[in-house]
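Report on the structure given below.
This structure is a prediction, so every number in the text was calculated from the model and none was measured. Counting starts at 1 for both ligands and their atoms, in listed order.
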Amino acid sequence: SLSKGKIEFENVSFSYKGAVGDPVIKNFSFTCLPGQTVGIIGSTGAGKSSLIQLIPRFYDVTSGAIRVNDIDVKDWDVKELREKIAVVPQKNILFTGTVIENIRWGKEDATFEEIADASKVAEAHDFISAFPEGYETRLGQGGVNLSGGQKQRVSIARALVRKPEILILDDCTSAVDVATESRIKESLKRYAENTTCLLIAQRISSVMDADQIIVLENGEMVGYGHHEELLKSCKVYQEILQS
Ligand code: GTP
């Protein structure tokens, strides 16, 4: 359908339960069209992670509404909603087990070919294949210890194998070098052509070629547009670039 992967925020405010002071998200409105890639940038504590966690209802808005595929998330069956959305969190959540078990997690019927394809896009296939036991290599206790960047790439492969309608990457390439990150983004364009992507980042190079970029500060949208527009018009964006 035409609304597959569409996300709308309407006057969303959000406070964590029991927290005092200003809301973490303040009166945030935004529409992300199906298939778009939207970058979200802002300093630490700006509210980026909190914002995206509202979409799969890890938390509920305090006021306002979020719609996915034109339906209020509160009217979705939570399980169905979460099946459409893959979030790669900031802190990766790999478990003790083999590489293939970790990638297949959440999509138990994935074939080896699908797993290898997703791993190629995530730039994980080559280092996995280089292990003597390949995809059967055990991670963690009694197995290999991946580097931070390798763990992030396995986590991305895990999200991709699910072929979500909405893919949310929460600052999950921070430990991946810029050249590798750029190859992942290039491959993603083909692999996830019709997938709506939300890309949270700290560095401008991670979001600069997104269709739209949101600049978040203290829970508020202080800038919105393309890279060039923001360079001209958004002071916070310029500051992030120079930091
Ligand atoms: P980075 O991840 O550091 O880049 O920041 P961010 O932009 O993702 O901000 P985040 O959404 O993590 O935090 C926004 C604000 O919410 C900060 O003031 C946090 O201290 C606060 N916060 C985050 N998680 C929680 C939580 O679980 N409970 C409470 N009470 N506050 C939280």
**Report entry** Connected via hydrophobic side-chain network under 4.5 Å: L169 and V207
**Finding:** no
Report summary line: Nearest heavy atom to atom 8 (O) of ligand 1, choosing from S43, S49, G21, belongs to S49
**Report entry** Per atom 25 (C) of ligand 1, closest listed option by heavy atom (Y59, Y16, F58)
**Finding:** Y16
Query raised in the report: Quick one: does Q202 get an N or O within less than 3.5 Å of an N or O on ligand 1?
Result: yes
Query raised in the report: If we only count N/O pairs under 3.5 Å, is A19 in contact with ligand 1?
Result: no
Which protein heavy atom lies closest to [atom], and at what distance to 0.1 Å?
{"atom": "atom 9 (O) of ligand 1", "value": "G47 N, 3.1 Å"}
{"atom": "atom 18 (O) of ligand 1", "value": "G45 O, 4.4 Å"}
{"atom": "atom 11 (O) of ligand 1", "value": "S50 OG, 2.5 Å"}
{"atom": "atom 3 (O) of ligand 1", "value": "T44 OG1, 2.6 Å"}

Query raised in the report: Does K6 offer a backbone N or O that forms a donor-acceptor pair with the side chain of R67 under 3.5 Å?
Result: no
Query raised in the report: Got a donor-acceptor contact below 3.5 angstrom from the S13 side chain to the N27 backbone?
Result: yes
Query raised in the report: For atom 20 (O) of ligand 1, is the nearest protein heavy atom under 4.0 Å away?
Result: no
Query raised in the report: By number and element, which atoms of ligand 1 are closer than 4.0 Å to a non-hydrogen atom of Q90?
Result: 2 (O)
Query raised in the report: Taking the inter-plane angle between the rings of Y59 and F14 on a 0 to 90° scale, is it parallel (under 30°), tilted (30 to 60°) or perpendicular (over 60°)?
Result: tilted
Query raised in the report: Quick one: do the S3 and N69 side chains pair a donor with an acceptor below 3.5 Å?
Result: no
Query raised in the report: Can Q53 be said to touch ligand 1, with heavy atoms closer than 4.0 Å?
Result: no
Requested in this report: Output, in order, the C-alpha distance, side-chain angles, deciding distance and verdict of side-chain hydrogen bond (donor to acceptor under 3.5 Å, both in side chains) for E181 and T173.
Outcome: CA-CA 7 Å; E181 180 192 42; T173 50; 2.7 Å; yes
**Report entry** ligand 1-proximal atoms of V24, by part, heavy-atom distance under 4.0 Å
**Finding:** side chain
Query raised in the report: Quick one: do D170 and K48 make a salt bridge, cutoff under 4.0 Å?
Result: no
Report summary line: Rounding to 0.5 Å, atoms CD1 (I85) and OG1 (T195) come to a distance of 12.5 Å
